[in-house]
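These figures come from a predicted structure and were not determined experimentally. Just so it is clear, the values below take in all heavy atoms, side chains as well, and ignore hydrogens, waters and symmetry mates. Order of the sequence lines sets the chain letters (A, B, ...), proteins ahead of strands, with each chain counted from 1.
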Protein chains: 2
Amino acid sequence: MKIAEVSEKYGLSLDTLRYYERIGLIPTVTRTPNGIREYGEMDIKRVEFIKCMRSAGLPIEVLIDYVGLVQQGDATVEARKEILKEQRELLAGKIAELQKTLDLLDYKISVYENKLLTKEQGII
Amino acid sequence: MKIAEVSEKYGLSLDTLRYYERIGLIPTVTRTPNGIREYGEMDIKRVEFIKCMRSAGLPIEVLIDYVGLVQQGDATVEARKEILKEQRELLAGKIAELQKTLDLLDYKISVYENKLLTKEQGII
DNA sequence: CCTTGACTTGGAGCTAACTCCAGGTGTTAT
DNA sequence: ATAACACCTGGAGTTAGCTCCAAGTCAAGG
């Protein structure tokens with residue numbers, strides 16, 4: 001799979017895919033004899049994983065650490081698990097926060113919708 | 001309420017509070033005769049609202065537009081409602097996305113936890 | 001053969017949202 | 001009265017995460 005197809009499939013720009021490789025977020029993709037990237041099954045899986053994690057806002061640095069540990073093999077399983085657990089907690093907190101904001105938005109929309117707008121409610 | 005108290009209460013830095021005012025996200029706070037900011041009840045409410053919205057990632061620009069409309073009075077109620085509705089939908093989508101990532105993290109953690117690690121699962 | 005188009009690289013540039021700094025003013029405590 | 005402290009301003013600097021650019025290579029089509 002060439003870079004354009006991967007880009008298309010996952011909605012990541014060509015530049016982003018190359019950038020991720022450059023900074024070590026995706027391992028060096030194998031090249032055809034003339035230097036063109038040929039994404040293998042593994043590469044694709046990583047792109048998919050990274051895309052998912054990034055879309056939830058996990059920092060690039062954390063992900064670089066994580067994939068670095070994966071590279072190093074089975075000895076790092078505990079450390080990897082710890083990273084994932086920590087990020088899981090952070091993410092759960094974030095979701096709860098977003099949910100609160102969503103609730104507030106819903107409330108404010110309902111106020112506007114029902115024209116319940118009073119001096120007290122309508123300040124902001 | 002002085003800026004340091006507001007900062008303390010809402011966990012926004014002094015610089016951030018002044019920055020928000022500078023860019024029009026919070027209206028110009030009234031000053032004591034010697035120029036010190038004195039946050040009134042309204043100002044506090046705005047800080048609280050902005051903090052909540054920003055914590056959910058609503059862009060500053062959108063919020064500037066919104067508070068600008070609030071300044072302009074009742075004629076802008078429809079426009080404000082539209083902004084809130086649009087942001088509400090974006091936020092709901094984001095929450096769904098984060099939830100998917102959370103599920104994936106939980107799955108991966110359970111794989112590590114149960115040592116179900118096989119060649120297929122353990123790639124990343 | 002020449003052009004078109006997809007790819008390559010290293011490096012510079014960009015955006016959002018702060019964050020820091022220097023230099024200054026006014027209040028409070030010793 | 002002098003030091004410490006909390007505040008002020010305008011403007012510069014920082015960070016994360018891309019995004020763009022110039023210059024170059026190669027394969028395929030007319």
Side-chain angles (χ1 to χ4, degrees), chain A residues 1-40 43-44 46-47 49-67 87 90-91 94 97-98 101, chain B residues 1-40 43-44 46-47 49-67 87 90-91 94 97-98 101:
Chain A
M1 219 175 182
K2 274 190 268 180
I3 196 167
E5 299 171 77
V6 180
S7 166
E8 174 72 16
K9 184 162 179 188
Y10 293 104
L12 296 168
S13 78
L14 302 173
D15 272 319
T16 298
L17 285 168
R18 289 192 280 244
Y19 167 68
Y20 282 175
E21 189 174 340
R22 173 146 60 165
I23 63 173
L25 194 45
I26 291 169
T28 309
V29 176
T30 51
R31 310 298 160 100
T32 64
N34 48 57
I36 306 287
R37 285 174 181 80
E38 181 58 41
Y39 287 78
D43 301 317
I44 303 285
R46 296 222 173 171
V47 169
F49 175 72
I50 293 299
K51 195 233 157 117
C52 182
M53 295 300 133
R54 283 293 306 132
S55 77
L58 273 72
I60 281 183
E61 261 210 60
V62 171
L63 295 172
I64 289 175
D65 288 353
Y66 180 77
V67 301
Q87 294 302 313
L90 289 171
L91 185 52
K94 199 157 146 188
E97 197 170 71
L98 297 205
T101 303
Chain B
M1 218 173 185
K2 276 191 268 181
I3 196 166
E5 301 172 75
V6 179
S7 166
E8 174 71 19
K9 185 164 179 188
Y10 294 104
L12 296 168
S13 79
L14 302 173
D15 272 318
T16 298
L17 284 167
R18 288 192 280 246
Y19 167 70
Y20 281 175
E21 190 174 340
R22 175 145 62 163
I23 62 173
L25 194 46
I26 291 169
T28 310
V29 175
T30 53
R31 310 296 161 102
T32 65
N34 48 55
I36 307 286
R37 286 175 181 79
E38 181 57 42
Y39 288 79
D43 300 319
I44 303 284
R46 294 222 175 172
V47 169
F49 176 71
I50 293 298
K51 195 232 155 115
C52 182
M53 293 301 133
R54 282 294 305 133
S55 77
L58 272 72
I60 281 184
E61 261 212 59
V62 170
L63 296 172
I64 289 175
D65 287 354
Y66 181 77
V67 302
Q87 294 302 314
L90 289 172
L91 185 51
K94 201 157 142 186
E97 197 170 70
L98 297 206
T101 303

For the residue pair Val6(B) and Lys9(B), establish whether any side-chain heavy-atom pair is separated by less than 4.5 Å.
no
Measure the shortest side-chain to side-chain distance between Lys51(A) and Phe49(A) over non-hydrogen atoms and say whether it is less than 4.5 angstrom.
-> no
### Message
Please check this pair: side chain of Lys94(A) against backbone of Leu98(B), looking for a donor-acceptor N/O pair closer than 3.5 Å.
### Response
no
Under a 4.0 Å heavy-atom criterion, DNA chain D is touched by chain A from dG17(D) to dA27(D)
- Sugar-phosphate, base or nothing in reach of Ile23(B), heavy atoms under 4.0 Å: nothing
**Prompt:** Base, sugar-phosphate alone, or nothing: which one does Arg37(B) contact when heavy atoms must sit under 4.0 Å apart?
**Reply:** sugar-phosphate
Quiz item: Does Val29(B) offer a backbone N or O that forms a donor-acceptor pair with the side chain of Glu21(B) under 3.5 Å?
Solution: yes
| query | How is Arg31(A) classified with respect to the nucleic acid when contacts are heavy atoms under 4.0 Å: base, sugar-phosphate, or nothing? | reply | sugar-phosphate
Across the strands shown, which category fits Leu14(A) at heavy-atom distances under 4.0 angstrom: base, sugar-phosphate, nothing?
nothing
Whichever of Arg18(B) and Leu58(B) has the more 5' nearest nucleotide on DNA chain C, that residue is Leu58(B)
Chain B reaches DNA chain C, atoms under 4.0 Å from its heavy atoms, from dA17(C) to dT27(C)
Worksheet item: Ile44(A) versus Tyr10(A): any side-chain heavy-atom pair under 4.5 Å?
Response: yes
Between the CG atom in Leu58(B) and the CG atom in Leu63(B), the distance rounded to the nearest 0.5 Å is 5.5 Å
Are any side-chain N or O atoms of Thr101(B) and backbone N or O atoms of Met53(A), one a donor and one an acceptor, separated by less than 3.5 Å?
no
Whichever of Asp15(A) and Asn34(A) has the more 5' nearest nucleotide on DNA chain D, that residue is Asp15(A)
inquiry  = If we ignore hydrogens and angles and just use 3.5 Å, is the side chain of Ser7(A) paired with the main-chain N or O of Leu12(A) as donor and acceptor?
reply    = yes
